[in-house]
Colleague: 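The structure that follows is given in the form of structure tokens.
Computation of the quantities below employed the complete heavy-atom set of this structure, encompassing side-chain atoms and omitting hydrogens, waters and symmetry-equivalent molecules. Note that the structure is predicted; figures quoted are calculated from it, not measured.
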Amino acid sequence: MDERSFFDEGELVGVLTTQPLDRLLDYKAPEGGCFLGAFVEVPLGPRKVLGVVWGAGKGDYDRSKIRPMNRVLDAAPMREEMMLFLRRAADYTLTPMTAMLRLATRAPGLSDPPSMRKVYRMGSGAPDRETAARTKVLAVLSDYGGLSFTLKELSDMAGVTSSVVKGLVKQGAVREEDAPRDTPYPMLEPALPSKELTADQAAGVAALKQAVASGTYGTTLLKGVTGSGKTEVYLEAVAECLKQGRQALVLLPEIALTAEFLTRVEARFGAKPAEWHSGVTMTERRRAWKMVGQGGAQLVVGARSALFLPYQDLGLVVVDEEHDTSYKQEDGVLYNARDMAVLRASICGAHVVLASATPSLESWANAEAGKYTKLELTSRFGEAVMPDMRALDMRLENLPGTRWISPTLQREVQARVEKGEQSLLFINRRGYAPVTICRACGHQIGCDNCDARMVEHRFLKRLMCHQCGETKPMPEACPSCGVEGKLAPVGPGVERLAEETKELFPDARVAVLSSDLFGSARALKEQIEVIAAGEADIIVGTQLVAKGHNFPLLTLVGVIDADLGLQGSDLRAAERTFQLMRQVAGRAGRAEKKGTALLQTYQPEHPVIRAILSGDEEGFWQAEARERQHVGVPPYGRMAGIVLSSPNVQEVFDLGGAMAREIKPLHAIGAQVFGPAAAPIARIRGRHRVRLLVKADKTAPLQSALQKWVAQFKIPGNVRLSIDIDPQSFY
Ligand code: ADP
Ligand code: ZN
């Protein structure tokens, strides 16, 4: 790290830009000089680009040709700890620094001049004539002391038209001023009373408060069944952090969950926090980014990329539902937000809370090894108890191939409908049917760009590729043999299950919950609230319903195909199935009625199914840990996935073959290479994909070896190479 923290006008500085170049660029510091970490606008060819002052310039370039930077932007300079975080994250994920900077500046209009808006406050003059409307305006202003308001706020609060305010401005009784558009978020009040905690919860809160107050890095795994009050507990850790005057961040895996959470924050702290996710408007994004940097936002609630905001003093990061796969970014910079949260916190002396009912094996192992502190909430809050879980052995159920609800499950649902209780039928597949087959020739309709079958979405009246998103209308005739009227759906998706449900229970109110059936996060949230309020007898849903929603009237969960996740070559298949099934089952019986979860399965003796049913969690994790330890895979070994893709199939196999042969740098650290092989999805968006897997010991310096290895090869122009450290999915 450069020792200097300020550069005078004309001095050479090295600037990291957001452009894909592999080095810093030298510029002359502008008039007035600039700080290390300053966000700046610099000329690059004919363009103006965003950058950060990263250190002293190298000066290994003709000095007379070095251009001055355009200007320093209106934003707090990047703190050194943030620079360090970006560098470490880049080293870990093998991502170029320029891409890291793009991730850290994902707010629109950062280079715009500071934008202003008009605000109104009490003036010194008196109105020529008192009217009722004028008096109301002046009363509002005097009630709120020196505060200023926008025109709309002020006229709304006074209950007058804006022309009344404007009239007062003319007479000097009200003052019109320019104020920055990006304003601080309302203050949160940690001293407001919390809920009365159970003994279990209080013990957890005490431990977390102490950890947060220490002001040093640490990670706590907060494990507790759904409904045990994990959220209540970590909100008190947030309160402690705010009391310390530091900032807190809560990461949530699903936008649909944020609304419910914001309401809880408001109830606890008297105001809403800053939000950061894809559903937030551009103006709000910029405001959040700036205020986080200036200390005008105490708490941020957001998606994984909120980790890359420029916090001034981050004291706590909560990763809720820490096992959730959506924390792994699978596009662009391949990072796992859970791991990056720990990295960031360790740099800035913050505490991390990983909350889950079903932690990832990684976190479980870290707690076992004593790296994380483990806090456990063992019972559900109030009367609620964990549901009874049973397998329905589908081999005994005698079900035709076009039906998915077994007679036993049907009877159980019927009984709930009659008692006025809710049932949930869960299937983890969107659309109507995963496969469309021609009964004349056996052809299955596939995507033109990908090596994947197209999924029928009857709701959209189209076929859709779940890899690239391409859609096309359902053809009349088979695209292969041309015979008409022979195309038939095979297998169930959530829409088809809903159809069957409506047939079986014609008098029940059936609601379908699948992310693609709703135009917006708001529509989805409304539907969830309506269902929670009891406006449905049967909910048919996908993975979406497994995530943290509260359905107090739900007493039965039927898992249509518990075997679905057990297939496939993913090393985490068992872990995922275990987590998902337990989460879904955790939806039942959240209020005072005991719930039942029924798992339809063709392999009730499978170890994963048995572990789910017996509720022997520790047993499951121990067995899974032994298995992974035995084969040396994460978290007991390290892995990296390398995917080469190109429109030209020969090119990717040639390069993959060469890479598999020239492996000295990998051998040097004792790593093994598998492949090249066609990736499980061998073509996406017209690009052929080849995969190599690298496996190494837990302590091996994997990243530097990978770097040396890859540097040996010239990558042809249209080949894309991506390296995924700790891959989560194997497609
Ligand atoms: P989790 O995050 O573990 O799923 P929550 O914190 O959401 O659990 O708690 C489940 C429900 O129980 C929520 O509606 C919550 O408000 C309520 N609850 C939990 N603990 C308490 C408490 N001590 N006092 C009152 N309500 C509580
Ligand atoms: Zn496709």
Side-chain angles (χ1 to χ4, degrees), residues 185-213 220-244 246-254 256-275 298-301 315-322 351-357 373-386 525 528-529 532-533 547-554 583 586-595:
Y185 289 83
M187 291 293 280
L188 304 185
E189 195 39 81
L192 288 174
S194 64
K195 293 210 169 106
E196 206 169 306
L197 301 172
T198 64
D200 236 14
Q201 294 172 344
V205 167
L208 283 182
K209 278 191 167 175
Q210 201 181 5
V212 171
T220 300
L221 177 59
L222 176 60
K223 182 172 176 306
V225 293
T226 344
S228 58
K230 293 184 294 298
T231 311
E232 297 298 335
V233 169
Y234 73 65
L235 277 178
E236 295 315 303
V238 171
E240 179 63 30
C241 178
L242 301 186
K243 275 187 199 153
Q244 304 284 328
R246 303 183 78 189
Q247 291 168 302
L249 164 64
V250 175
L251 296 178
L252 299 177
E254 177 84 42
L257 289 179
T258 28
E260 188 189 342
F261 183 71
L262 295 179
T263 314
R264 287 178 74 168
V265 168
E266 196 174 15
R268 174 63 184 80
F269 299 116
K272 287 203 166 135
E275 278 181 79
Q298 296 159 282
L299 171 62
V300 179
V301 174
L316 173 70
V317 185
V318 177
V319 185
D320 200 0
E321 311 282 349
E322 67 95 31
H351 198 74
V352 180
V353 175
L354 305 177
S356 174
T373 311
K374 191 161 158 190
L375 278 181
E376 208 154 349
L377 302 175
T378 44
S379 56
R380 285 185 161 190
F381 177 72
E383 300 295 310
V385 284
M386 278 309 275
K525 185 196 148 218
I528 288 173
E529 278 168 4
K547 296 187 180 179
H549 308 293
N550 260 320
F551 298 116
L553 302 175
L554 189 71
Q583 296 269 339
R587 296 297 113 210
R590 293 201 58 167
E592 52 289 328
K593 296 194 183 86
K594 187 172 173 70

Colleague: Salt-bridge test for E236 and R268: reply yes if a basic N is under 4.0 Å from a carboxylate O, no otherwise.
Modeller: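 Answer for the salt bridge query: yes.
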
Colleague: Could you measure the distance from the CG atom of L235 to the NZ atom of K230? Nearest 0.5 Å is fine.
Modeller: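 Rounded to the nearest 0.5 Å, the CG-NZ separation comes to 12.5 Å.
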
Colleague: Check step by step if side-chain contact (heavy atoms from CB on, under 4.5 Å) holds for Y234 and V205.
Modeller: CA-CA 7 Å; Y234 73 65; V205 167; over 6 Å; no

Colleague: Take L354 and T220 through the test side-chain contact (heavy atoms from CB on, under 4.5 Å) and record every step on the way to the result.
Modeller: CA-CA 6 Å; L354 305 177; T220 300; over 6 Å; no

Colleague: Taking it one step at a time, do V233 and L222 satisfy side-chain contact (heavy atoms from CB on, under 4.5 Å)?
Modeller: CA-CA 9 Å; V233 169; L222 176 60; 4.1 Å; yes

Colleague: Looking only at non-hydrogen atoms, find the nearest pair between P190 and L242 and report the distance.
Modeller: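 Smallest heavy-atom distance, with atoms named: CG-CB, 3.9 Å.
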
Colleague: Side chains of V250 and V238: does their closest heavy-atom pair fall under 4.5 Å?
Modeller: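 When only atoms from C-beta onward are counted, V238 and V250 do touch, with a gap below 4.5 Å.
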
Colleague: Please find the pair of heavy atoms, one from T263 and one from A259, that lie closest to each other, and give the distance.
Modeller: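 Shortest heavy-atom contact: OG1-O, 2.9 Å.
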
Colleague: Using 0.5 Å steps for rounding, measure from the CG atom of L299 to the CD atom of Q247.
Modeller: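 So the CG of L299 and the CD of Q247 are separated by 9.5 Å.
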
Colleague: Could you pull out the closest heavy-atom pair between P273 and V265, with the gap in Å?
Modeller: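 Closest heavy-atom pair between P273 and V265: CD-CG1, 3.6 Å.
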
Colleague: Taking all non-hydrogen atoms of both residues into account, name the closest pair between F551 and A532 and its distance.
Modeller: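 Looking at all heavy atoms of both residues, the shortest contact is CD2-CA, 3.7 Å.
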
Colleague: Just wondering, do L221 and L375 contact through their side chains at under 4.5 Å, heavy atoms?
Modeller: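 They are not in contact (no side-chain heavy atoms under 4.5 Å apart), so the answer is no.
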
Colleague: What is the minimum heavy-atom distance between E322 and S356, and which atoms define it?
Modeller: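 That would be CG-CB, 3.8 Å.
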
Colleague: When rounded to the nearest 0.5 angstrom, what distance separates NZ in K209 from NE2 in H351?
Modeller: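 If I round to the nearest 0.5 Å, the distance is 14.0 Å.
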
Colleague: For residues E232 and R264, determine if any side-chain heavy atom of one lies less than 4.5 Å from a side-chain heavy atom of the other.
Modeller: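 Counting from C-beta outward, E232 and R264 do come under 4.5 Å.
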
Colleague: Going through the distances and angles, do L262 and E275 end up as a side-chain contact (heavy atoms from CB on, under 4.5 Å)?
Modeller: CA-CA 9 Å; L262 295 179; E275 278 181 79; 3.3 Å; yes

Colleague: More than 12 foreign heavy atoms under 6.0 Å from CD of Q210: is that the case here?
Modeller: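 12 or below, so no.
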
Colleague: Rounded to the nearest 0.5 Å, what's the gap from NZ on K223 to NZ on K374? Could you check?
Modeller: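 The NZ atom of K223 sits 6.0 Å away from the NZ atom of K374.
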
Colleague: Identify the two heavy atoms, one from P253 and one from E321, that lie closest to each other, and give their separation to 0.1 Å.
Modeller: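 For P253 versus E321, the nearest heavy atoms are CG-CB, 3.7 Å.
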
Colleague: Out of curiosity, F261 CZ to L252 CG, how far, rounded to the nearest 0.5 Å?
Modeller: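 Those atoms lie 6.0 Å apart.
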
Colleague: Looking at SG of C241 and CG of L316, how far apart are the two atoms once the value is rounded to the nearest 0.5 Å?
Modeller: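 CG of L316 is found 5.0 Å from SG of C241.
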
Colleague: Main chain of E266, side chain of K272: is a donor-acceptor contact present, judged purely on distance under 3.5 Å?
Modeller: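 No: the side chain of K272 does not pair with the backbone of E266.
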
